[in-house]
Amino acid sequence: MDKYLDNLNESQREAVVHKDGPMIIIAGAGSGKTRVLTYRIAHLMNKGVDAFNILSLTFTNKAAREMKERIGTVVGTSEAKNLWMGTFHSVFARILRSEGHHLGFPSNFTIYDSQDSVRLISSIIKEMGLDKEIYKSKQVLGRISSFKNSLITVKAYYNNPDLIEADKMAQRPKMGEIYQRYVDRCFKAGSMDFDDLLLRTNQLLSQYPAVLAKYQDRFRYILVDEYQDTNHSQYLIVKALSDRFQNICVVGDDSQSIYAFRGANIQNILNFQKNYDNVKIFKLEQNYRSSNNIVEAANSVIEKNKTKLDKEVWTDNNDGERVKIMRTITEVKEAEFVANSILDHVKENEISLSDVAILYRTNSQTRAIEDVFRHRNYNIDYVIYGGLSFYQRKEIKDTLAYLRLLINPNDEEALKRVINYPLRGIGSSTVDKLSVAANHYNKSIFEIICNLGATDINLNAGVKTKLNNFATMIQHFKIEAETKNAFEVADFVVKQTRIIKDLEKDGTPEGVSKVENIQELLNAIKNFTVEQKEKGEDDSLAFFLEDAALASDLDKEAKDDSPKVSLMTIHMSKGLEYSYVYIIGLEENLFPSAMSMNTRSELEEERRLFYVALTRAEKQAYLCYAQMRYRWGKLVDCEPSRFIQEIDEKFVEHIAPQVTEFKQTKFLNDDIFGSVPQNKIRFKKPIQRTPTNKKPVPKVEFQAPKNLKKVTSKPTTASANLFDSKVTVGNIVEHTKFGKGEVLSLEGSAANQKAEIRFASVGVKKLLLQFAKLKIIS
DNA sequence: ATCCATTAGTTTTTT
DNA sequence: ACTAATGGAT
């Protein structure tokens with residue numbers, strides 16, 4: 001019966017079979033954490049625990065789905081079905097649907113995403129007549145979000161002189177009032193933002209003992225995955241729910257805590273033993289995922305962090321290849337290297353593109369990769385996870401706003417999106433008037449529109465008719481929604497509102513792609529209804545909307561199953577593994593990010609991020625950095641990331657070609673990327689940190705490659721003597737290839753000085769002065 | 001109310 | 001470099 005236990009090593013088995021009481025599983029990267037969690041749940045069920053009494057909180061909904069499936073194979077699918085698994089947000093959203101009425105929320109409350117929240121904050125700031133330069137809506141929202149994550153309600157804020165003082169010092173004395181208004185407006189709109197889903201759950205559990213008792217009794221065994229990334233609000237929920245039975249099992253790895261920026265508190269995992277009594281500790285230290293070189297390389301870096309729990313990750317696996325480090329001139333060369341390397345591996349090792357991932361610090365780094373992969377020379381299929389997610393596109397949000405509105409007409413942000421989309425002659429001044437009236441009568445805008453006669457609102461007859469038509473339309477949709485499933489409603493709404501017809505009319509490529517996206521949304525809704533029906537679950541529109549609001553980008557399913565290279569941020573890659581991993585953009589100020597180098601703890605988080613990235617790899621990891629990169633539209637010099645040299649050199653291999661291998665082919669090309677700034681070429685090794693330097697930057701050696709000597713040593717009027725730039729803006733210059741042109745602007749200095757020149761023959765070009773064959777004419 | 005030109009933010013990560 | 005938001009003109 002317990003045969004599945006044979007698939008576990010000793011420490012894994014201990015963690016699986018230990019039944020009651022608080023326990024923490026400290027699970028190193030690749031140590032079979034998911035396996036332990038799934039087996040543990042299956043084991044509990046085999047030992048007689050009802051699936052109904054188990055709550056398992058995961059980091060993504062995808063993880064929950066997969067885990068449920070795996071448990072189903074052990075204990076039977078029908079049993080596994082009763083398990084409650086999901087993210088904090090989705091689990092407690094569902095509880096709030098049935099219990100939120102205690103707090104005055106309707107069961108059909110809508111969920112505001114960050115964009116909705118920012119828009120609401122902006123309108124509040126505007127209404128209050130505050131300076132939007134001082135009260136930046138995103139910053140204000142960030143502050144409110146951190147209040148909520150720490151369970152500081154408006155009342156608690158006003159009772160805390162320190163917070164008030166801090167906001168005064170920051171020239172934002174009205175913070176409390178904005179916070180108050182924001183909470184009121186969300187409440188009135190029957191909506192919750194992401195933080196509310198946790199904060200309101202806490203309020204529910206602390207203010208309504210009967211509700212608390214009900215869920216304490218229901219969730220007799222609670223498991224929390226990725227515990228290192230829980231915030232204070234989540235900690236308190238778990239603490240409250242597990243208080244009666246104390247059967248709380250948390251799993252995590254402090255070395256992989258990477259969400260402090262959104263309130264995650266690494267102290268939750270570090271202090272677990274203090275927060276619960278009689279904690280049993282389990283450690284999973286054997287890595288099954290990666291080669292020894294990768295494990296040791298990762299260990300040697302994470303060692304530099306001071307804040308961490310005591311553990312030693314090791315592996316029985318082969319040494320494998322060393323971690324390869326590649327330097328390129330530019331981000332395009334970096335992308336080309338990655339493309340070539342992937343194609344080589346596909347050919348030589350017969351791997352599939354789906355065995356490969358490219359990881360990066362920021363979403364903007366995908367551009368170069370995409371350009372190169374799409375180029376006919378390479379033609380590599382790829383899929384990007386994250387970035388501007390599908391559900392954040394304007395046309396999708398607009399379409400969804402209609403659906404949100406007919407579920408919950410009080411949803412103010414949804415209403416504002418669609419009241420004049422497609423254009424129906426209800427402009428911003430009308431909306432402003434309605435908004436003022438709504439605040440005055442303490443009603444939602446929709447309620448005001450439905451009762452225009454009962455207000456003293458000053459609108460002319462034409463506008464009133466338009467508003468009435470709009471309200472009638474929404475109410476009409478609402479009635480349709482009562483008898484139709486999610487897809488039928490959405491299809492009906494799209495047709496009635498003529499959203500697609502409108503977009504087709506403009507005929508631009510953007511319009512076409514928007515239409516396609518809306519079609520895709522309809523397909524997704526169709527799929528959703530079919531799948532839910534098959535599973536015998538809720539296929540209503542309301543449920544689809546909740547799914548859409550809380551879906552992570554990993555949840556999206558592949559359109560076709562042809563193998564593709566996966567592109568994603570390192571954050572998104574947590575928990576995933578790939579045979580071949582390319583980490584790109586390993587440069588100071590990019591990774592570690594320039595925003596995260598001010599404090600030790602920020603830098604340590606960046607280092608953990610690097611640790612996460614490296615430990616995704618099973619067979620082979622490549623670390624790439626470029627010497628120049630476009631950032632904010634400008635070409636900037638880059639230094640290799642400190643993380644590269646923090647790896648013990650026993651485990652790495654520098655594979656950038658020797659300088660003599662550089663070919664002098666494209667130097668006179670007008671394409672900046674084709675040219676090699678010869679005095680910037682860095683040589684592999686001697687990378688040493690200067691200990692006295694406050695911001696330690698790896699030092700690199702400069703040396704001119706021999707085959708470029710001619711160019712550098714032959715100062716002719718054409719090239720090198722312009723190096724220190726005698727060119728000034730306004731000069732008329734002559735280029736060997738482009739002819740005469742006027743210098744429009746200069747940027748950068750020394751080796752990287754570039755000029756923007758308008759040539760009579762080819763228009764405006766940006767040239768690196770040290771290569772451009774320029775002669776100053778006047 | 002709508003259109004077009006200018007401006008601001010973006011590139012740190014996301015439920 | 002690119003996009004979305006803003007603001008003035010019509």
Side-chain angles (χ1 to χ4, degrees), chain A residues 57-64 86-93 111-115 117-119 122-123 126 132-133 136-139 142 145 148-149 192-198 226 229-231 233-234 257-264 331 359-368 371 385-389 391-394 397 420 423-432 460 462-463 466 510 546-555 568-574 585 589-597 602 605-606 608-610 612-613 629-636 766:
Chain A
L57 297 164
T58 55
F59 198 71
T60 63
N61 288 307
K62 185 185 173 216
T87 60
F88 273 89
H89 290 87
S90 65
V91 165
F92 295 112
I111 297 171
Y112 276 0
D113 68 11
S114 326
Q115 206 183 349
S117 300
V118 171
R119 282 170 174 238
S122 303
S123 39
K126 204 169 171 187
K132 64 181 181 188
E133 294 303 311
K136 303 236 176 180
S137 44
K138 275 200 174 163
Q139 288 177 11
S145 174
K148 288 183 173 180
N149 284 331
M192 296 200 199
D193 65 17
F194 289 134
D195 304 317
D196 283 332
L197 295 174
L198 306 174
E226 307 283 9
D229 284 320
T230 51
N231 63 31
S233 197
Q234 291 167 321
S257 171
I258 53 175
Y259 281 97
F261 72 91
R262 71 170 203 216
E331 59 198 322
L359 308 180
Y360 35 83
R361 183 64 179 81
T362 70
N363 279 305
S364 60
Q365 288 169 256
T366 54
R367 172 155 297 163
D371 287 348
Y385 294 94
L388 223 205
S389 101
Y391 287 108
Q392 283 168 10
R393 290 165 200 264
K394 186 178 179 302
K397 285 217 69 169
N420 199 28
L423 297 178
R424 52 174 69 90
I426 303 172
S428 56
S429 56
T430 306
V431 175
D432 286 347
N460 66 39
V463 174
K466 288 170 187 167
E510 292 81 22
E546 177 168 320
D547 230 41
L550 298 177
S552 103
D553 214 61
L554 282 173
D555 293 333
M568 68 188 83
T569 61
I570 299 163
H571 282 89
M572 195 137 252
S573 76
K574 191 169 73 163
N589 296 321
L590 181 57
F591 190 16
S593 159
M595 325 280 287
S596 306
M597 295 201 288
E602 282 176 330
E605 176 147 318
E606 294 286 307
R608 291 192 294 268
L609 198 54
F610 179 70
V612 168
R629 174 180 302 273
Y630 268 103
R631 296 188 79 184
W632 296 280
K634 287 204 163 122
L635 196 59
V636 297
K766 207 180 248 187

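Keep in mind that the numbers below use all heavy atoms, side chains included, and drop hydrogens, waters and symmetry copies.
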Nearest whole Å is fine: how far is B:dA1 C1' from A:Asn460 CG?
11 Å
Considering only side-chain heavy atoms of A:Leu423, which listed nucleotide, B:dT13, B:dT2, B:dT15, is closest?
B:dT2
A:Leu198 CG to B:dT14 C1', straight-line distance once rounded to whole Å
13 Å
Check every strand shown and say whether A:Ile426 touches a base, only sugar-phosphate, or nothing at a heavy-atom separation below 4.0 Å.
sugar-phosphate
What is the distance from CG of A:Asp196 to P of B:dT15, rounded to the nearest Å?
17 Å
So does A:Ser593 get a backbone contact from the side chain of A:Asn589, meaning a donor-acceptor N/O pair under 3.5 Å?
no
With salt bridge (Lys or Arg N to Asp or Glu O under 4.0 Å) as the test, would you mind laying out the steps for A:Glu331 and A:Arg367 before giving the verdict?
CA-CA 9 Å; A:Glu331 59 198 322; A:Arg367 172 155 297 163; over 6 Å; no
A:Tyr630 OH to C:dA1 C1', straight-line distance once rounded to whole Å
10 Å
If you look at every strand shown and take non-hydrogen atoms under 4.0 Å, does A:Arg262 touch a base, only sugar-phosphate, or nothing?
base
State whether A:Asn363 places a side-chain N or O below 4.0 Å from either non-bridging phosphate oxygen (OP1 or OP2) of B:dT10.
no
Find the distance A:Arg631:CZ to C:dC2:P and express it as a whole number of Å.
17 Å
Hey, does the side chain of A:Thr230 reach the backbone of A:Glu226 with a donor-acceptor pair shorter than 3.5 angstrom?
no
Is there a side-chain polar atom (N or O) of A:Lys136 under 4.0 Å from OP1 or OP2 of B:dG9?
yes
Here's a test of your reading of the structure: between A:Phe194 and A:Glu606, which maps to the more 5' nucleotide of DNA chain B?
A:Glu606
Name all residues meeting the side chain to side chain contact (heavy atoms under 4.5 Å, CB included) criterion together with A:Gln392; count only those two or more places apart in sequence or in a different chain, and write none if there are none.
A:Leu388, A:Ser389
Would you mind building the protein contact string for nucleotides 3-10 of chain C? One character per nucleotide, 5' to 3', B for base within reach (heavy atoms under 4.0 Å), S for sugar-phosphate only, - for untouched.
--SSS---
Assign A:Asp195 to base, sugar-phosphate, or nothing according to its heavy-atom contacts below 4.0 angstrom with the strands shown.
nothing
To the nearest Å, give me how far apart CZ (A:Phe59) and C1' (B:dT15) are.
7 Å
Could you check A:Gln392 against A:Lys466 and say which one's nearest nucleotide on DNA chain B is further toward the 5' end?
A:Lys466
Taking the minimum atom-to-atom distance to the side chain of A:Ser593, which one of B:dT12, B:dT14, B:dT2 wins?
B:dT12
Ring-on-base stacking B:dT13 with A:Phe261 (under 5.5 Å, under 30°):
yes
Closest non-hydrogen atom pair, A:Asp229 against A:Ile258:
OD1-N, 3.0 Å
Which of B:dT12, B:dA1, B:dT14 is nearest the side chain of A:Ser429? It is B:dA1
Under the rule for ring-ring contact (aromatic ring centres under 6.0 Å, His included), what residues qualify as partners of A:Phe261, not counting sequence neighbours?
A:Tyr259, A:His571
A:Thr430 side chain: which of B:dT14, B:dA1, B:dT10 is closest?
B:dA1
Just call it for A:Asn420: base, sugar-phosphate, or nothing, with non-hydrogen atoms closer than 4.0 Å on any strand.
sugar-phosphate
From B:dT15, B:dT13, B:dT10, pick the nucleotide closest to the side chain of A:Arg361?
B:dT13
Measure from CZ on A:Phe610 to C1' on B:dT13 and round the result to the nearest Å.
17 Å
Could you check how far NZ of A:Lys138 sits from P of B:dT11, rounded to whole Å?
6 Å
Mark yes or no for whether A:Asn420, through its side chain, and A:Gly425, through its backbone, hold a donor-acceptor pair below 3.5 Å.
yes
Is the shortest side-chain N/O distance from A:Thr569 to OP1 or OP2 of B:dT14 below 4.0 Å?
yes
May I ask you to say what A:Tyr259 touches in the nucleic acid, namely base, sugar-phosphate or nothing, with a heavy-atom cut-off under 4.0 Å?
sugar-phosphate
If only atom types and distance count, is the side chain of A:Glu546 paired as donor or acceptor with the main-chain N or O of A:Ala93 below 3.5 Å?
no
Which of these, A:Ser117, A:Ser233, A:Ser145, sits in a side-chain hydrogen bond (donor to acceptor under 3.5 Å, both in side chains) with A:Asp195?
A:Ser145
